[in-house]
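Quick note: numbers below take in every heavy atom, side chains included, and nothing from hydrogens, waters or symmetry partners. If you read the sequence from its start, that first residue is 1, and numbering goes on from there. We count ligands from 1, going down the list as the structure has it; atoms in each ligand are counted the same way.
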Amino acid sequence: MKDTLLKIKTEAIAALAEDGADIEALRIKYLGKKGELTAVLRGMGKLSAEERPVIGQLANDIRAEIEAEIEKQSAAMKSAALDARLKAEKLDVTIPGTKVPVGKPHPLAMVQRQLEEIFLGMGYSIAEGPEVEYDYYNFQALNIPPDHPARDTQDTFYITENILLRSQTSPVQARVMEKQQPPIKIISPGRVYRSDAVDATHSPLFHQCEGLVVDKGITMGDLKGTLEMFAQTMFGADTRIRFRPHHFPFTEPSAEVDVSCFACGGKGCRLCKGEGWIEILGAGMVHPNVLRMCGIDPEVYSGFAFGLGIERIVMLKYHIDDMRHLYENDVRFLHQF
Ligand code: DAH
């Protein structure tokens with residue numbers, strides 16, 4: 001019996017040490033209720049009284065040894081499995097990552113945002129108006145009656161006789177004044193439309209930004225100071241501005257405003273076509289008729305207004321010679337800004 005026990009022990013330990021041994025199956029085989037060691041112990045009744053405790057002791061020792069081996073082998077297998085997993089899941093942090101392409105704002109949006117920041121900084125708020133507009137706001141409330149020749153230069157798309165795609169952001173002036181008594185200090189950037197054929201400097205859809213200030217005692221001096229501040233922030237601290245007399249039906253007096261050429265400083269170059277000055281916007285003192293039509297008393301209040309084309313500013317600032325680039329969504333072009 002002693003030999004059988006020792007044989008079980010040798011076999012069990014050898015089997016447990018084998019590569020890929022099924023430890024649980026071996027445990028059942030040797031130590032389980034129907035296992036080999038148990039079978040031997042069952043036969044102990046046949047032993048003599050002297051032999052019984054000796055064999056019993058030996059059987060217990062062997063059981064303990066096999067259990068210890070099981071413990072040892074299963075710990076070794078667990079750690080080998082962990083090693084293998086760590087190796088398989090190894091992360092090489094030096095491999096370059098997958099680049100996610102990042103977009104950026106369109107140059108038109110960039111300049112619009114800059115415009116907004118400049119005027120918000122001067123205490124203006126941003127007003128919005130509809131792109132599908134009444135003839136009344138786009139023209140009549142701005143002192144442009146139905147047969148006024150100024151309509152010719154702003155031919156647009158009509159939805160009905162009285163509803164059109166706005167040809168300028170100026171109607172927002174009338175909408176704001178109608179709702180709000182002075183003090184008023186707003187800008188209104190947005191899309192406008194005209195029935196122009198597409199070429200390097202024209203598009204049936206483009207963007208403008210309107211400005212309007214109405215309060216007691218507003219003068220042309222305020223307009224000049226405001227536009228100078230704007231021009232210097234947008235084009236550089238050395239920029240000068242110049243007013244040229246002009247006519248707009250909704251302002252009196254009216255002016256076209258030039259900035260000193262920011263490419264040559266005013267000496268004359270290709271950008272300013274040798275002039276030293278570049279036209280950037282229209283402006284003037286709000287016409288008393290406009291104030292009156294919007295319910296503001298021109299005897300008490302006065303105001304100035306201005307309107308600029310955002311495409312024009314973008315093209316000047318970034319030396320873009322063809323407006324169509326701004327609408328073609330070619331990323332090779334758009335990535336340059
Ligand atoms: N709305 C004019 C245009 O589209 C631009 C303009 C000129 C706006 C003078 C104004 C202004 O507010 O005072 O040509």
Parallel, tilted or perpendicular: which describes the rings of His325 and Phe333, with under 30° parallel and over 60° perpendicular? parallel
Quick note on ligand 1: atoms under 4.0 Å from a heavy atom of Thr251 include exactly 13 (O)
Identify every side-chain donor-acceptor pair in residues 286-294 under 3.5 Å, counting partners at least two apart or on other chains, and give the distances.
from   : atom 1 : to     : atom 2 : distance (Å)
His287 : ND1    : Asn289 : N      : 3.0
Asn289 : OD1    : Arg292 : NH1    : 3.1
Asn289 : ND2    : Asn143 : OD1    : 3.3

With no hydrogens and no angle check, do the side chains of Asn162 and Thr160 hold a donor and an acceptor under 3.5 Å apart? no
Shortest reach to atom 7 (C) of ligand 1 by a heavy atom, considering only Ala150, Gly309, Gly282: Gly282
Strictly under 4.0 Å, does any heavy atom of Arg194 approach an atom of ligand 1? yes
Atom 14 (O) of ligand 1: which protein heavy atom is closest, and how many Å away? Gln154 NE2, 3.8 Å
With a cut-off of 4.0 Å, which atoms of ligand 1 are near a heavy atom of Gln173? 12 (O)
Numbered atoms of ligand 1 (with element) below 4.0 Å of Ser170, judged on heavy atoms: 1 (N), 8 (C)
How far is atom 12 (O) of ligand 1 from the closest protein heavy atom, and which atom is that? Glu210 OE2, 2.5 Å
Ligand 1 atoms in contact with Gly284 (distance to a heavy atom under 4.0 Å): 13 (O)
Check for me whether Lys104 meets the cation-pi criterion with Phe337, that is, NZ or CZ under 6.0 Å from the six-membered ring centre and within 45 degrees of the ring axis. no
Would Arg166 pass as a cation-pi partner of Tyr137, given that its NZ or CZ must be under 6.0 Å from the six-membered ring centre and within 45 degrees of the axis? no
Between Arg63 and Leu31, which heavy-atom pair has the shortest distance, and what is it? NH2-O, 3.5 Å
Proximal ligand 1 atoms for Gln208, defined as those under 4.0 Å from one of its heavy atoms: 3 (C), 4 (O)
Would you say Ala283 has any N or O atom under 3.5 Å from an N or O of ligand 1, going by distance alone? no
Heavy-atom contacts with Phe248 under 4.0 Å: which atoms of ligand 1 show up? List them by number with element. 7 (C), 9 (C)
Taking the side chain as every heavy atom from C-beta outward, state whether Tyr327 and Val198 have any pair of such atoms under 4.5 Å apart. no
Has Phe250 got any heavy atom lying under 4.0 angstrom from an atom of ligand 1? yes
Atom of Asp322, atom of Asp199 and distance for their closest heavy-atom approach: OD1-O, 4.3 Å
Considering both backbone and side-chain atoms of Gln168, is one of its nitrogen or oxygen atoms within less than 3.5 Å of a nitrogen or oxygen in ligand 1? yes
Do Glu210 and Gln173 have a side chain donor and acceptor closer than 3.5 Å? yes
